[in-house]
Student: 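Below: one structure in structure tokens.
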Amino acid sequence: EEKKSEDETTPASLEKEEEIKEALSALQSSGRSDAATLTLIGYKGGAIESQINQDRAFVVSPYNLSGSDNKDGAATTTSRLLGVFDGHAKLGEGVS
């Protein structure tokens, strides 16, 4: 049986590398440098590669609310809309 060297790339490793590049590109093109969301995978036993992060979060900033007292409909209050979703059990990542 022939062993592969550690620096040898496989189609799976190239695919994973491309996924990482796409994710980093998405992170760089969205959001701002002074804000972030972070979630960590909850370890449930087994191989770390098989763990799925079931948590999701989002930030909408600024989130402008229109006031009923403003006749032209312009935003009268600027806020942030934050959402945190904590997935559980089978398919929790889809629900969150």
Side-chain angles (χ1 to χ4, degrees):
E1 184 177 324
E2 186 179 320
K3 282 189 169 182
K4 293 183 178 181
S5 67
E6 288 186 27
D7 61 342
E8 189 174 332
T9 57
T10 64
S13 66
L14 290 174
E15 183 177 328
K16 189 68 168 176
E17 186 175 321
E18 186 61 31
E19 288 175 5
I20 291 170
K21 285 180 183 178
E22 287 177 20
L24 289 173
S25 176
L27 285 173
Q28 291 171 347
S29 67
S30 63
R32 304 183 322 225
S33 62
D34 62 346
T37 63
L38 172 69
T39 65
L40 300 174
I41 296 171
Y43 181 71
K44 298 166 189 70
I48 193 68
E49 295 83 13
S50 68
Q51 305 301 308
I52 297 173
N53 187 350
Q54 294 186 320
D55 303 332
R56 302 292 181 265
F58 73 88
V59 176
V60 177
S61 180
Y63 182 74
N64 298 316
L65 302 173
S66 296
S68 59
D69 60 339
N70 195 335
K71 293 180 184 175
D72 66 0
T76 58
T77 303
T78 300
S79 302
R80 288 182 181 90
L81 178 62
L82 310 171
V84 178
F85 306 94
D86 187 15
H88 289 268
K90 186 176 181 182
L91 302 178
E93 68 277 9
V95 174
S96 66

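All values below come from the heavy atoms of this structure, side chains included, with hydrogens, waters and symmetry mates left out. Along the sequence shown, residues carry numbers from 1.
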Student: Looking at every non-hydrogen atom in both residues, tell me the closest pair between Gly87 and Ser96 and how far apart they are.
Tutor: N-CB, 3.7 Å
Student: Can you tell me how far OG1 of Thr10 sits from NZ of Lys16, rounded to the nearest 0.5 angstrom?
Tutor: 12.0 Å
Student: My understanding is that only residues two or more places apart in sequence, or in another chain, count here; which of them pass side chain to side chain donor-acceptor pair (under 3.5 Å) with Glu93?
Tutor: Gln54
Student: To the closest 0.5 Å, what do you measure between CZ (Phe58) and CG (Leu81)?
Tutor: 4.5 Å
Student: Sequence neighbours left out, what passes side chain to side chain contact (heavy atoms under 4.5 Å, CB included) with Glu15? Give chain and number order.
Tutor: Glu19
Student: Using the side chain to side chain contact (heavy atoms under 4.5 Å, CB included) rule, take Val95 and Phe85 through it: C-alpha gap first, then chi angles, then the decisive distance, then the call.
Tutor: CA-CA 8 Å; Val95 174; Phe85 306 94; over 6 Å; no
Student: Quick one: side chain to side chain contact (heavy atoms under 4.5 Å, CB included) partners of Leu14, sequence neighbours excluded?
Tutor: Thr9
Student: Is a donor on one side and an acceptor on the other found under 3.5 Å between the side chain of Gln51 and the backbone of Gly45?
Tutor: yes
